[in-house]
There are 2 protein chains.
Amino acid sequence: MSPDRLNAVFAALADPTRRAILERLAEGMTTVTQLAAPHDMSLPAISKHLGVLERSGLIERGREAQWRPCRLKAAPLKEAVDWIGQYRRHWEESFDRLDEYLQELQAKKPVRKGASREKSRKLSGPGTAVR
Amino acid sequence: MSPDRLNAVFAALADPTRRAILERLAEGMTTVTQLAAPHDMSLPAISKHLGVLERSGLIERGREAQWRPCRLKAAPLKEAVDWIGQYRRHWEESFDRLDEYLQELQAKKPVRKGASREKSRKLSGPGTAVR
DNA sequence: TTTGTGTTTAACCATCTGGTTAAATACAAA
DNA sequence: TTTGTATTTAACCAGATGGTTAAACACAAA
């Protein structure tokens, strides 16, 4: 719910290395060195990625001797998916065409600021999406 | 599916102004000025945000006289939600505890590199999540 | 043609990001 | 205590990001 949390989660997911780390952690917790192995990148770089993931709440780091085992914490993903979920109807079925209908119907509301004497045609092109 | 596309979509969603713009567009297409109105920010700043959203495929910009009406294109959100969806079981139910079980079961695999003579105890603490 | 409105582009700036190498830290093992 | 392994921290760097103001562009209307 918190916007900051959403910022952090989406930002964390925006990097392919971090997404790969999460995918690895979905198989089970493991160490930093193991997480780093598939990536052509220095350990400090991986450590920074883990810091980002941890601050976003997507992982937890433990302590076992000199190892810092990482564990996936998926709860914030639920928040993210819930936020995106509000758009589900927009990508399902023939919503795009329905949308055009709805747009046209509500076109009576003057969406534009200084629009008093304008033509009431579609916003762009004949019949389909805006190009 | 394309990782670049996912990068762009998640990065676009990581900004609260852009998420607010998408929420406004979910009600129907509108102009840049209308989109900018709720935000304490210059028009060029909004224009940049719209550029980010357009490059991520989340909006389309049309052309009607001097207006550039924006329309939500939700398809990329499906990709994002599908990617996150692979973790659904991780945040649902009592997966966390189940997870610990699975971890322990697969602990026979030597997860650690130079681990030949180590104790086979849990990675952290007695019984619960890593702190 | 001039004027006014909507929007983008250009140039600039501060901060964040994602990487590097070198050094420090934490601990186990010898 | 020394040595070796795992990891983080520090310092640095290039490029991206998110904002600004001023100027340019696109078009409608007078």
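In the text below, chain A, chain B and the rest are named by the order of the sequence lines, each starting its count at 1.
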- Item | N or O in side chain of B:Arg61 less than 4.0 angstrom from C:dT8 OP1/OP2 | yes
- Go through the structure and list residues passing salt bridge (Lys or Arg N to Asp or Glu O under 4.0 Å) with B:Glu54, not counting sequence neighbours. B:Arg61
- Query: Is there a side-chain polar atom (N or O) of B:His49 under 4.0 Å from OP1 or OP2 of D:dT17?
  - Reply: no
- How far apart are the closest heavy atoms of B:Ser56 and B:Pro76, and which atoms are they? O-CG, 3.9 Å
- Message: Heavy atoms from C-beta onward define the side chain here; which of D:dT8, D:dG4, C:dG6 lies closest to that of B:Gln66?
- Response: C:dG6
- Query: Does A:Arg5 reach the main-chain N or O of A:Gly57 with its side chain, forming a donor-acceptor pair under 3.5 Å?
  - Reply: no
- Footprint string (nucleotides 12-17 of chain C, 5' to 3'): B base within contact, S backbone only, - free, heavy atoms under 4.0 Å: ------
- Rounded to the nearest Å, what distance is computed from the CD1 atom of residue A:Ile21 to the P atom of nucleotide C:dG18? 11 Å
- Query: Just by modelled atom types, is the B:Gln34 backbone N or O under 3.5 Å from a matching donor or acceptor in the B:Arg24 side chain?
  - Reply: no
- Item | Non-neighbouring partners of B:Arg19 that pass side chain to side chain donor-acceptor pair (under 3.5 Å), sequence neighbours left out | A:Asn7
- Using side chain to side chain contact (heavy atoms under 4.5 Å, CB included) as the criterion, list what pairs up with A:Lys48, not counting sequence neighbours. none
- Item | Interatomic distance where CG belongs to A:Leu50 and P belongs to C:dG18 [whole Å] | 13 Å
- Kindly write out the residues that satisfy side chain to side chain contact (heavy atoms under 4.5 Å, CB included) with B:Gln66, not counting sequence neighbours, or none if the list is empty. none
- Check each residue of residues 37-45 of chain B for a non-hydrogen atom within less than 4.0 Å of any atom in DNA chain C, then write out the ones that pass by number, or none. B:Leu43, B:Pro44
- Message: Tell me the interatomic distance from A:Phe10, atom CZ, to D:dT17, atom P, rounded to whole angstroms.
- Response: 17 Å
- Message: Rounding to an integer number of Å, can you tell me how far B:Met29 CE sits from C:dG6 C1'?
- Response: 16 Å
- Rounded to the Å, how far apart are B:Gln34 CD and C:dT5 P? 15 Å
- Note on the structure: Heavy-atom nearest pair, A:Cys70 first then A:Leu25, reads O-CD2, 3.4 Å
- Any idea which of D:dT8, C:dG6, C:dT8 is nearest the A:Arg68 side chain? D:dT8
- Tell me: CD of B:Glu64 to P of C:dT8, nearest whole Å? 15 Å
- Message: Would the distance check show the side chain of A:Tyr87 and the main-chain N or O of B:Glu23 forming a donor-acceptor pair, the cut-off being under 3.5 Å?
- Response: yes
